[in-house]
Structures are given as C-alpha cells and as structure tokens.
Amino acid sequence: MELLAGFSATQFGIAFAATFLSAFIRGLTGFGMAIILVPVLALALLPVESVMIANVLGVLIGLSEIRRLVREAEKSAWVICAMVVLATPPGLWLLTVTEADLARLIIALVAVFAFAIVLVPQSTRAVHGPIATGGVGLLSGLMTGFAGMPGPPVVPYYVGRDLPRAVMTASMLLIFTVAATTGLGAGAVLGNLDWGLVGLALALFPAVLLGNWAGARTSGRVSDRAWRICVGLVLGAVAFTALLRLI
C-alpha cells in the first residue's frame, strides 16, 4: 500500500522513527534534526523533496517555541539569520540543477562533515568575529538550500565558545527556524513544494513533537561529554548508512 509522497507503509514507519530520533537529538542538543533526517528521507525520495519536508518540520517546531528562542538567543544569531536569508535561494537553485545521485552524495558528505565537527575539540574550532559570523551565515544559507542542513557551520561557531548552554541552544535553533522558513519560501517560489510533501510532513510532525519533548527532558541530565558522544555516534551512523546506500 502506498501512502503520502509515494511512501509504502514500511517506508513511512522508518521515516516516522527517523523523524522521532532526529527530533530527540534536536531537543537534547539544540541541533541535528535536519542533519539526521534529510539523508534518511533522501534514500526514498528525491533530495529536493527530502529538503522540503525537513524545512516544513523545522518551521513548525521552531514556531512552537519562537518566544523562548527570541528571548534567549545571542545577538550574533540575527546577523547569521540575515545571511541565511540571502544565501538560501542560490543553494536551493544549485540543488535543483544537480543530478539526483550526485546531490545524494553531497548531502551524505555533509552528514560526514557534521560528524567530524562534533569530534573536534572546542579549543581548536572557528575564530569568532564579524567576518567569521558573516561567513558562517553564508555557508549556512547555502547548505540550507542545497541540503536542508544549516547546522554544520553554525554548531561549531556556538558550541566552541564559552556560552551558557541555553544561549547556545536558543541561538542555533533560532537560526535553524529562519533557515527552514527561508528554504520553504524559496522552494515554493521555485516550484519544489507541493501539497503531497506538506501532507507527509504534517503526518510526521507528531514524531517531531514527541521526540523534541523527550530530548528536552533528557537535556540537562547528561554532561556535555555524554551528549556530544551520543550525537557523534548517531551522526556517524547516519552518514555511514547514506554513503553505503550510494555505494
């Protein structure tokens, strides 16, 4: 039996489980939902469709907690958000003109990069300043459009600094919400968003709510080292799976 967007019942069950896991990681760490979800969905859908679904889910969960994000985010997050808005449409255009298998490979490599970043010691991560902030926003926007993954440039920018976890989390999630909104708008303008994908995203959204709630409850009960190891293992498994499928 085929369900929304061409998913069989088995495929939808896998997608639902992957969505729950990715949302749990989001709630636990403040990042990781798109990095985990897009490569998994791209195994069954076209890459651009996977990105659109991730953007719909990112917008919905971000709007559900937008007041907290705006209140707690660092000012640098707004600079990065502005750059993301400018750079996302070109990134999405590149995705639409890239051959599907090549796009899947690039998205898988982005997941590998994200896994590697998590393992980098905090003291050796990016230097912070106006140029670095703008560069992070530019790269994040391009990756939002092409891979639905604004996180790889943003995560080391915040996690590598001496900031309260609440500030880091709110800053990253605010950027990710703006990135998802921009990617969704660009996709609609370019004709990459249809009601079937929106329907599938809505069907998956309960898994986002449940996973994010469970992750948020767990956050604060684990040490920084423990959650970094957990996220690294998950990202590594997803990246390996995506690459193995391509091979």
Worksheet, complete the sentence: With sequence neighbours left out, the residues meeting side-chain contact (heavy atoms from CB on, under 4.5 Å) with S50 are V38, L41, A42, L45
Worksheet item: Is there a donor-acceptor pair under 3.5 Å between the side chain of S140 and the backbone N or O of P150?
Response: yes
Worksheet item: How many angstroms lie between atom CD1 of I53 and atom CG of L197, to the nearest 0.5 angstrom?
Response: 5.0 Å
Discussion item. Working to the nearest 0.5 angstrom, can you tell me the gap between T218 OG1 and L28 CG?
Written reply: 6.5 Å
Worksheet item: So which heavy atom on P90 is nearest to which on L142, and how close?
Response: CB-CD2, 4.4 Å
Worksheet, complete the sentence: Scanning both residues in full, the closest heavy-atom pair of V51 with G145 reads CG1-O, 4.3 Å
Item to complete: With rounding to the nearest 0.5 Å, note down the distance linking CZ in R71 to CD1 in I66.
Response: 11.0 Å
Discussion item. Which heavy atom of L95 sits nearest to which heavy atom of V48, and what is that distance?
Written reply: CD2-CA, 3.6 Å
Fill in: Shared hydrophobic cluster for L200 and F16 (ILVMFWY, side-chain gaps under 4.5 Å)
yes
Worksheet entry | Expected output: side-chain S171 to main-chain E74 donor-acceptor under 3.5 Å | yes
Worksheet item: When rounded to the nearest 0.5 angstrom, what is the spacing between OG in S22 and CG in L37?
Response: 4.5 Å
Item to complete: Please tell me if the side chains of V70 and W78 come closer than 4.5 Å, counting only heavy atoms from C-beta onward.
Response: yes
Discussion item. Between L60 and V208, does the side chain to side chain contact (heavy atoms under 4.5 Å, CB included) criterion hold? Intermediate values first, please.
Written reply: CA-CA 9 Å; L60 292 175; V208 175; over 6 Å; no
Worksheet entry | By side-chain contact (heavy atoms from CB on, under 4.5 Å) - contacts of L63 (at least two apart) | V59
Worksheet entry | Heavy-atom pair of closest approach, residues T19 and A15 | OG1-O, 2.7 Å
Worksheet item: Would you say the side-chain atoms of T169 pair up with the backbone N or O of A166, donor to acceptor, closer than 3.5 Å?
Response: no
Worksheet, complete the sentence: Output for pair (I61 CD1, L57 CG), nearest 0.5 Å, gives 9.0 Å
Fill in: Heavy-atom closest pair, residues L202 and P206
O-CD, 3.3 Å
Discussion item. Can you tell me how far apart CE (M33) and CD1 (I25) are? Round to the nearest 0.5 Å.
Written reply: 12.0 Å
Item to complete: Compare all side-chain heavy atoms of P47 with those of F146 and state whether any distance is below 4.5 angstrom.
Response: no
Discussion item. On a heavy-atom basis, which atom in L138 and which in M83 lie closest, and how many Å separate them?
Written reply: N-CB, 3.8 Å
Fill in: same_hphob_cluster(L173, L163) at 4.5 Å side-chain heavy-atom cutoff
yes
Item to complete: Measure from the side-chain N and O atoms of R221 to the backbone N and O of R217, and report whether any donor-acceptor pair falls under 3.5 Å.
Response: yes
Fill in: Pairwise side-chain contact, F205 with V56, heavy-atom cut-off 4.5 Å (strictly under)
no
Practice prompt. Run the numbers on T29 and M172 for side chain to side chain contact (heavy atoms under 4.5 Å, CB included), then give the verdict.
Written response: CA-CA 10 Å; T29 67; M172 291 189 292; over 6 Å; no
Practice prompt. Indicate yes or no: at least one non-hydrogen side-chain atom of I80 is less than 4.5 angstrom from one of Y157.
Written response: yes
Worksheet item: Do L139 and V79 share a hydrophobic cluster, counting only Ile, Leu, Val, Met, Phe, Trp and Tyr and linking them when any side-chain heavy atoms are less than 4.5 Å apart?
Response: no
Practice prompt. Verify the cluster assignment for V136 and L86: are they in a single hydrophobic cluster under the rule of side-chain heavy atoms below 4.5 Å apart?
Written response: no
Worksheet item: With distance as the sole test, does E49 use its side chain to make a donor-acceptor pair with the main-chain N or O of L46 at under 3.5 Å?
Response: yes
Worksheet item: side-chain contact (heavy atoms from CB on, under 4.5 Å) with L184: which of L92, V198, N55, N192?
Response: N55
Worksheet item: Quick one: does E65's side chain have a donor or acceptor within less than 3.5 Å of a partner on R68's backbone?
Response: no
Worksheet entry | T133 side chain near P130 side chain, heavy-atom distance below 4.5 Å | no
Discussion item. Does any part of the side chain of L174, heavy atoms only, come nearer than 4.5 Å to the side chain of E72, both counted from C-beta?
Written reply: no
Discussion item. Given 3.5 Å as the limit, does a donor-acceptor pair link the side chain of S219 with the main chain of G215, or not?
Written reply: no
Fill in: Y158 (side chain) donor-acceptor with A77 (main chain) under 3.5 angstrom
yes
Practice prompt. Please answer: with hydrophobic residues joined when any side-chain heavy atoms are less than 4.5 Å apart, are F12 and W195 in the same cluster?
Written response: yes
Worksheet entry | Exam field: side chain T96 to backbone W93, donor-acceptor pair closer than 3.5 Å | yes
